[in-house]
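In what follows, a structure is listed as structure tokens, so that the remarks can point back to it.
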Amino acid sequence: MEPKNKDWEKTRSILSAVHRNREEAVLGPQWQSRVMDAVRTLPRKEAMEDRPSVMLERMVWRFAPAACVLIAAMTLVLLSQDFTPQYGLVEAMMDDSMGNLLVQTIQMQ
């Protein structure tokens, strides 16, 4: 862990010095070529894709639009439904014949 910490401190000190002297800094073509060489040595995308977390993240983002469309469709269906009880259900609940039958059954015992 020690070499990484030293590298981090070295990089941080260089970046802070550049930030303090940004008006005086002159970036030439050699600097740009060194930066591009450093970028080329970074890990490639294919190496990063082998991790399971990257594959899960990609799958989640692929299905996100389909999930949004499904949520919107279900919302439209639920909003178009009539939430008031149907006439038959109301009539069955209001019909007192079942209540009368229950009272008669209890009184017989």
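- Residue pairs satisfying the salt bridge (charged side-chain N to carboxylate O under 4.0 Å, His left out) criterion with at least one member in residues 59-74, sequence neighbours excluded, are absent.
- Arg34 contributes atom CZ, which lies 11.0 Å from atom CD of Gln32 (distance to the nearest 0.5 angstrom).
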List the atom pairs, donor and acceptor, that lie under 3.5 Å between side-chain atoms in residues 67-80 and the rest of the protein, sequence neighbours left out.
unit_1	atom_1	unit_2	atom_2	d
Thr75	OG1	Ile71	O	2.8
Ser80	OG	Leu76	O	3.3
Ser80	OG	Val77	O	2.9

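- In this structure, Trp61 stands alone, with no Ile, Leu, Val, Met, Phe, Trp or Tyr side-chain heavy atom under 4.5 Å from its own, directly or through other members.
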